[in-house]
Amino acid sequence: MATIATAKPYPYEFPQAGFALLMIDMQRDFIEPGGFGSALGNDVSRLAAILPAAARLVAGFRRAGRDVLHTKEAHRPDLSDCPPAKLRRGGGALRIGDDGPMGRILIDGEPGSDFVAALSPAAGEPVIAKPGKGAFFATPLERLLRERGITHLAIGGVTTEVCVQTTMREANDRGYECVLVEDATESYFPAFKQATLDMIRAQGAIVGWTATVDEVLAALEAP
Ligand code: C5J
């Protein structure tokens, strides 16, 4: 077993072979102006600021020969996988499925639903399109993890308190040991990010652990 000794709230142990990286929704729709995030009135520049750290994390997992999996929140063009309740939300000028500056908002295959260039999946890396906030809902993610023998997950991506936290809680309930990589995740709301980090590692890692990119990579690359 390898160990992230400085993880919070106490050292995080992982088997090198069963440890993978799950990157959540590093899409233009959330990170670039003109997408879903900005249509909801958010300042997307906060999210763009983590791109160098997130890219360093992904590169480290690839270097170590570990699996990297990517999710994207994206609906079918006919919106048949989007519950009416989700479609109605927002109250902004643009809603899911509407035409925006980067194509139809949150629709799979549109420019906005694509990954930001710095976090593009490499050839062969699984990409899981998800209709919900959690990556286990209505997706093949659990089967993919099981097939690969993955038991431990480092999780990064956006946004911390929505899709990242929902996915981490889903993973925790399914028995995965998860560490949230704190400088490779971001929220439009600094207080929500901080609250998520605090909630996850409270009560003796009730949902999981947190650690920085440097701490995760140092443990991953330790001899
Ligand atoms: C949101 C996400 N915030 N990827 N999606 O709607 O966190």
Side-chain angles (χ1 to χ4, degrees), residues 21-51 54 57-58 69-76 79 81-98 100 102-116 118-121 126-139 141 153-172 178 180-197 199-200 207-208 210:
L21 175 62
L22 182 61
M23 290 303 294
I24 305 291
D25 301 355
M26 295 300 287
Q27 295 163 255
R28 300 182 67 199
D29 258 329
F30 297 106
I31 299 172
E32 294 183 7
F36 184 57
S38 59
L40 293 173
N42 298 302
D43 170 11
V44 296
S45 67
R46 288 190 50 78
L47 272 50
I50 67 158
L51 293 180
L57 179 67
V58 170
L69 300 94
H70 308 260
T71 70
K72 56 177 174 177
E73 185 177 348
H75 293 280
R76 295 186 197 128
L79 291 170
D81 59 351
C82 185
K86 182 174 182 183
L87 210 49
R88 282 193 297 268
R89 298 287 171 81
L94 291 175
R95 291 177 189 234
I96 296 170
D98 287 349
M102 291 192 290
R104 293 180 67 203
I105 300 272
L106 231 53
I107 299 297
D108 206 2
E110 297 288 335
S113 79
D114 203 359
F115 295 92
V116 293
L119 272 302
S120 277
V127 174
I128 297 116
K130 61 184 184 58
K133 303 305 182 190
F136 287 83
F137 169 67
T139 75
L141 176 58
L153 288 169
I155 301 180
V158 299
T159 60
T160 313
E161 79 283 9
V162 185
C163 290
V164 173
Q165 175 168 219
T166 304
T167 298
M168 187 156 171
R169 288 175 180 272
E170 287 180 329
N172 184 58
C178 303
L180 175 57
V181 189
E182 53 188 271
D183 44 345
T185 182
E186 194 50 88
S187 168
Y188 302 120
F189 306 92
F192 290 176
K193 175 177 179 177
Q194 190 56 52
T196 302
L197 296 174
M199 279 190 275
I200 278 170
V207 179
T210 67

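Indexing begins at 1, ligand by ligand and atom by atom, following the structure's order. Heavy-atom basis, side chains included; hydrogens, waters and symmetry copies ignored.
- Remark: side-chain polar atoms of Gln27 are paired, donor with acceptor, to backbone N or O of Ser113 under 3.5 angstrom.
- Arg104 has no carboxylate O lying under 4.0 Å from a charged side-chain N of Glu110, or vice versa, which leaves the two without a salt bridge.
- Each of Val44, Asp25, Val116 was scored for a side-chain contact (heavy atoms from CB on, under 4.5 Å) with Phe30, with one residue passing: Asp25.
- Sorted by chain then number, the residues whose non-hydrogen atoms approach ligand 1 to under 4.0 Å are Asp25, Phe30, Phe36, Glu73, Lys133, Val158, Thr159, Val162, Cys163.
- For the salt bridge (charged side-chain N to carboxylate O under 4.0 Å, His left out) test, no residue two or more places apart in sequence or in another chain qualifies with Arg169.
- Counted by atom type alone, Thr196 and Glu161 present zero donor-acceptor pairs between their side chains at under 3.5 Å.
- Ion pairing between Asp29 and Lys72 fails under the 4.0 Å rule for side-chain N and carboxylate O.
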